[in-house]
2 protein chains.
Amino acid sequence: MAKYDPTLSLIFQALSDPTRRDMLARLGGGAVAVSDLARPTGLRLPTILRHLAVLEEARLITTTKQGRTRMCHPVPATLTLAKSWLDERRLEWEARTDRLEAFLETLEDENDPEP
Amino acid sequence: MAKYDPTLSLIFQALSDPTRRDMLARLGGGAVAVSDLARPTGLRLPTILRHLAVLEEARLITTTKQGRTRMCHPVPATLTLAKSWLDERRLEWEARTDRLEAFLETLEDENDPEP
DNA sequence: GTGATAGTTACCCTTATGGCTAAGTATGAT
DNA sequence: ATCATACTTAGCCATAAGGGTAACTATCAC
């Protein structure tokens, strides 16, 4: 298996920005035009376009042009890629829950809040 | 519900770096000391420490000091936060799969490669 | 063809990010 | 007390990220 997946970096990086997450959340109804996506953000179009470029590079969306308006379509499969990584980690991590519990109890002991 | 969650930004941002993902992947066995975590990366300790600070701020790990060595513990609950957001999106998006299919067929039609 | 609409491109500016070295602190071993 | 180990802190440097203007292109409606 690859040492690391550059795709995952692009995806998580794309998801790390609230504006971009917000736009993704508004793709639930299907395809949305660029300006419609931009409007509620209060940001300028060139800024939005660069956000969209990031989302497209991560393949979280694809876009198509119809006449003079560009439509943005969500790509659910890419979410699955991110989810898979998280699932793998969680499986590994929770196999050790017992050890973590022990650690948390250790924490309780030295539980002195700083000034 | 909140307009956006700053926590999610921290989490996804933390996950966007391959070095950090790599370190998280090596926490499967439970707690790991900082230098042990650092060794396979080939990076200097100060660099690693800042990566760990990012992971800790996102609450993907917690750390405790035992003598002069600092141990890093995974925090599975934080993964769940990220997963939840992804699940919400995927539900919304896939409710529109039919519409996406239609879109893809539209694509087939105007399928002329640009010069 | 004129004008509005919807993107697009080019460039600027400020801050954040990821890497480093050098020098400091704290703990464990002798 | 001395020395090695394991971080820590402070600061430097280059690039990437996120915001903006201004000016340009391409449709669409008249």
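Keep in mind that this is a model prediction, so the values were computed, not measured. Just the heavy atoms: all of them, side chains too, but no hydrogens, waters or symmetry mates, feed the values below.
Here the P atom of nucleotide D:dT5 and the CZ atom of B:Arg39 are 12 Å apart, to the nearest Å. In this structure, the CG atom of B:Leu15 is 14 Å from the P atom of C:dT17, given to the nearest Å. We find that CG of A:Leu45 is positioned 14 Å from P of D:dG19, with the value rounded to whole Å. Atom-to-atom, CZ of A:Arg44 to C1' of C:dC13 comes out at 16 Å; the value is rounded to the nearest Å. Following rounding to the nearest Å, B:Phe12 (CZ) and D:dA17 (C1') show an atom-to-atom distance of 18 Å.
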Test side-chain contact (heavy atoms from CB on, under 4.5 Å) applied to B:Asp36 and B:Arg39, step by step: CA-CA 5 Å; B:Asp36 292 336; B:Arg39 205 177 332 280; 2.6 Å; yes

Walk me through whether B:Arg21 and B:Asp17 qualify under salt bridge (Lys or Arg N to Asp or Glu O under 4.0 Å). CA-CA 6 Å; B:Arg21 285 201 307 280; B:Asp17 184 272; over 6 Å; no

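Under the 3.5 Å distance criterion, with hydrogens and angles disregarded, no donor-acceptor pair is assigned to the side chains of A:Thr62 and A:Glu56. Side-chain polar atoms of B:Thr63 and B:His73 form no donor-acceptor pair below 3.5 angstrom. Of the N and O atoms on the side chains of B:Arg59 and B:Thr78, not one donor lies less than 3.5 Å from an acceptor on the other residue.
Side-chain contact check for A:Met71 versus A:Thr69: some heavy-atom pair is nearer than 4.5 Å.
Set against D:dT8, C:dT17, D:dG20, the side chain of B:Gln13 has C:dT17 as its closest nucleotide. Nearest to the side-chain atoms of B:Leu43 among the listed nucleotides C:dC20, D:dT8, C:dT8 stands C:dC20.
Heavy-atom distances to DNA chain C give each of A:Asp36 and B:Thr19 a nearest nucleotide, and the one nearer the 5′ end belongs to A:Asp36.
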Identify each atom pair where a protein N or O and an N or O of nucleotides 26-30 of chain C are less than 3.5 Å apart, giving names and distance.
{"residue": "C:dT27", "atom": "O2", "partner": "B:Arg68", "partner atom": "NH1", "Å": "3.2"}
{"residue": "C:dG28", "atom": "O4'", "partner": "B:Arg68", "partner atom": "NH2", "Å": "3.3"}

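Using cut-offs of 30° and 60° for the angle between ring planes, the B:Phe12 and B:Trp85 rings count as perpendicular.
Contacts between residues 47-59 of chain A and DNA chain D, counted as heavy-atom distances below 4.0 Å, involve A:Thr47, A:Arg50, A:His51.
B:Glu57 pairs by the side chain to side chain donor-acceptor pair (under 3.5 Å) definition with nothing, not counting sequence neighbours.
Side chain of B:Arg20 to backbone of B:Gln13: a donor-acceptor contact under 3.5 angstrom is found.
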